[in-house]
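The structure appears below as structure tokens.
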4 protein chains.
Amino acid sequence: MNTNAPLAIVAGAGPRLGRALVQRFQKGGYHSVGLSRTGQNDGSGDTNLIQCDLTDPEAVATVAKRLMASCGAPKVVVHNPAKLVISPFEKTSAEDFETTWRSMVLSAVLVANQFLPAMAAGDGGSFLVSGATASLRGAKNFSAFASAKAGLRGLTQSLARKYSTGGIHVAQVILDGILDTSASRSLHDLDPARMMDTNDVAEAYWQLAYQPQSTWTHELDLRPMGETF
Amino acid sequence: MNTNAPLAIVAGAGPRLGRALVQRFQKGGYHSVGLSRTGQNDGSGDTNLIQCDLTDPEAVATVAKRLMASCGAPKVVVHNPAKLVISPFEKTSAEDFETTWRSMVLSAVLVANQFLPAMAAGDGGSFLVSGATASLRGAKNFSAFASAKAGLRGLTQSLARKYSTGGIHVAQVILDGILDTSASRSLHDLDPARMMDTNDVAEAYWQLAYQPQSTWTHELDLRPMGETF
Amino acid sequence: MNTNAPLAIVAGAGPRLGRALVQRFQKGGYHSVGLSRTGQNDGSGDTNLIQCDLTDPEAVATVAKRLMASCGAPKVVVHNPAKLVISPFEKTSAEDFETTWRSMVLSAVLVANQFLPAMAAGDGGSFLVSGATASLRGAKNFSAFASAKAGLRGLTQSLARKYSTGGIHVAQVILDGILDTSASRSLHDLDPARMMDTNDVAEAYWQLAYQPQSTWTHELDLRPMGETF
Amino acid sequence: MNTNAPLAIVAGAGPRLGRALVQRFQKGGYHSVGLSRTGQNDGSGDTNLIQCDLTDPEAVATVAKRLMASCGAPKVVVHNPAKLVISPFEKTSAEDFETTWRSMVLSAVLVANQFLPAMAAGDGGSFLVSGATASLRGAKNFSAFASAKAGLRGLTQSLARKYSTGGIHVAQVILDGILDTSASRSLHDLDPARMMDTNDVAEAYWQLAYQPQSTWTHELDLRPMGETF
């Protein structure tokens, strides 16, 4: 482990966008670590993953302390857990709401709690959050997902205002389209050219993390060409 | 109890706006019931209150079944619990986030679950939700409150789209100002003429509940004259 | 003419919503006057109309001075000219853009210029502006219309902030649906139950004009039940 | 003139952001041309400028035809005229409104008319529009500016939806802060570290122009660290 390399943490490093993000920062010279529920690379094998239940305060604290003990405060943190629930409201249980909230909002609180004060006390950095169309709009069968993503957006805005003066760029990315993954190719009857390439998306996060302090973006919408909006 | 009168339920009937809402619908000929944590009128004594922990699925189900057994499906439901937390993020605990979420989002899920299907199966009606400035904007020291209110907004939008075709008008009110209450008079150094009169606010909910189906408002901003926005 | 009655002016009193607005304020006891390009009642005959080209500074000034000389400053002004252009951008000429801008933005400037200072110097009142879906969103074949309506929205917001402390309630109504008129019945293959009744819309303006100073709405969305949004 | 280099046009190439934009695309290998009212480099001398009144249909057509005759359809067009008016509404004349509208909206119509069809018929490209805080919000003394910038935003959204399927990325940049120029340094009592560096801003436009088709941003907010929002 190169402890001189700046630390990048991707909280929520599932086999889609998460891995692409870990790899993008790795390629850019970071000590880049993904936190995921399983901690397992599924076949691809080359990403640096740590098992961590992001909804468990102690688990997040333990991993955070360990990483910061060896690498110092992170330069970049990405919050990227996705817990998509699509179902009519009457079939969406209170548990579904709680699970999506824990997965996407509580986890952001816990991750922010661990890293933002250390980043603010140090050299600042970037805290980037993955949003979705549902961050802005509660569609019909997305009650639980939209509620959680909108709640995450409110939190992110508050963090952006709080930590901006401490040199931390808190921003969210509104992913307004379908990510091109094997899962979505089999799920959606959609030309892959109309989907978002996960490497392209990761590049946009990279650019966000490198925006100079004179020109910060706080909410970045991304959608593939031709996507209705 | 006049069981011929239509039923209005105010979930979250605290000693401010909640009571004014119960009374407004009472005045309008409703069998108007407030659900509150204590179920106690504090001195004023004339509001019809039922004790109910709105974050407890069984408690909400029990009260809902009891009320609907005698009165049928409600014509109007207002969701109005307020759990204001103002604190810097680093002093806002994960429990604060969970409490505000349970208080304002989970409670809405539980109340909606109990009443919306019955209203949709019956004659429709109105489901009105109290929002705040924080529903739209996560300000610096409002991380928990903004996250919950934004999450409630996403949920409300989703419900509005889901139940609109079933004749249920789901709308939210963005209260963008300080309510004129004894509490806020002692807390804020603000001319009461710059605050919102709770009876005026209740009147706005009443008008929302009576909008004809040809002209529904889905998000109603209210602020006192002179309020910065 | 009852010069004791408060004055209501509907600038843009075409044969749809405009007439309904004039009549609603008339019914409410106002001396209610519509300004329209032709000044002609087409058959219906009972609305008080004055011919006025709202894009002509002198014409607007002349009518305004005449009305205010006999009735004093208006209590209510509604800005309601509609100039809908639907066409692909490459077939929308610069003249189309200019015409829609003059019709909907310049006219608002001229009307506001004439009446707002007098209202502010007097007892205040309401200045209500008709918006549309296009006020918020530039759809594909609505480049000229959306540009003008969005420009009108920016102007209206600025006026709201400017005159709020002077006791003038400046608000806009976002009409997000099809008005039920004979024209739209023949144009759209749409169940009239999915259209907006112009009298219902006029009632919403009336309520806006009567909001107490403690609870002002600045942007009122209206859409018929079942309208997609 | 290297006619093999792709053509970049900056319509509105004043001595601030405009020049930085021309230079950024020049540096990136473009044949980069600025259109400005004077066509004069003021001292700096190294930017390729053409005199053009962007509010004059014939002037725009003449310049466009000339440029496209030698270079083909542009790969990048930036619309960047700024006409800031700050004044109380009652001191803002109808002419001020018309001038700001011509300067910022009509010019965009004319420029879009000349280049977008050619770009759509060719290889596509990017059409980037400079917005401001006022694009989203009509502040008190910004009635004319906000009206024009909001109108430009509506137009830009409409163009984005129209030309997206033709391979043209139409996007706007919301400049939410003060540009660091000698003019603004003397005007504002503000630490330059709180201003936006025009080269940083130009870099953001460059990145927008290079977003892959799978991840297009349509509205990019930029503000300096610490800017209130």
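Below, chain A is the first sequence line, B the second, and so on; all start at residue 1. Owing to the predicted nature of the structure, the values given are computational and were not obtained by experimental measurement.
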Completion exercise
Counting heavy-atom pairs under 4.5 angstrom with chain A, the leader among Ser164(B), Ala148(B), Ser147(B) is Ser147(B)
Problem - Minimal non-hydrogen separation, Ala132(B) against Ile174(B), with atom names - result: O-CG2, 3.5 Å
Handout entry: Closest-packed option against chain B by number of heavy-atom pairs under 4.5 Å, given Arg153(A), Glu98(A), Arg102(A)
Key = Glu98(A)
Problem - Residues of residues 82-92 of chain A contacting chain B, heavy-atom criterion under 4.5 Å, by residue number - result: Pro88(A), Phe89(A), Glu90(A), Thr92(A)
Problem - Backbone N/O of Leu220(B) and side chain of Thr217(B): donor-acceptor pair under 3.5 Å - result: no
Fill in the blank from the handout: Taking a cut-off of under 4.5 angstrom between non-hydrogen atoms, the residues of residues 109-119 of chain B near chain A are Val109(B), Leu110(B), Ala112(B), Asn113(B)
Enumerate donor-acceptor pairs with a distance under 3.5 Å from any side-chain N or O in residues 49-58 of chain B to protein atoms, sequence neighbours excluded.
unit_1	atom_1	unit_2	atom_2	d
Gln51(B)	NE2	Arg37(B)	O	2.6
Asp53(B)	OD1	Thr55(B)	N	2.9
Asp53(B)	OD1	Thr55(B)	OG1	2.7
Asp56(B)	OD1	Glu58(B)	N	3.0
Asp56(B)	OD1	Ala59(B)	N	3.4

Practice task
Tell me yes or no: between the side chains of Ser103(B) and Thr100(B), is some donor less than 3.5 Å from an acceptor?
Solution key: no
Handout entry: 4.5 Å side-chain heavy-atom contact, His218(A) and Val170(A)
Key = no
Problem - Contact origin within Phe142(B) toward chain A - heavy atom pairs under 4.5 Å - result: backbone
Fill in the blank from the handout: Between the CG atom in Leu67(A) and the OG1 atom in Thr62(A), the distance rounded to the nearest 0.5 Å is 11.0 Å
Problem - Shortest non-hydrogen contact from Gly138(B) toward Ala146(B) - result: CA-CB, 3.6 Å
Problem - His79(A) side chain vs Thr156(A) backbone, donor-acceptor pair below 3.5 Å - result: no
Problem - Listed once per pair and sorted, the side-chain hydrogen bond (donor to acceptor under 3.5 Å, both in side chains) pairs that draw on residues 127-144 of chain B, sequence neighbours left out - result: Asn80(B)-Ser130(B), Ser130(B)-Tyr205(B), Thr133(B)-Asp176(B)
Problem - When Ala108(A), Gly151(A), Ala144(A), Gly154(A) are compared by non-hydrogen pairs under 4.5 Å with chain B, the top option - result: Gly151(A)
Practice task
Check each atom of Ala139(A) against the heavy atoms of chain B and say whether the ones under 4.5 Å are side chain, backbone, both or neither.
Solution key: backbone
Handout entry: Glu95(B) backbone acceptor or donor facing Thr99(B) side chain under 3.5 Å
Key = yes
Problem - Aromatic ring proximity Trp101(A)/Phe97(A), centre distance under 6.0 Å - result: no
Practice task
Check whether Phe145(A) gets within reach of chain B through its side chain, its backbone, both or neither, counting any heavy atom under 4.5 Å.
Solution key: neither
Completion exercise
Heavy atoms of Leu222(A) and Ala204(A) approach each other most closely as CD1-CB, 3.6 Å
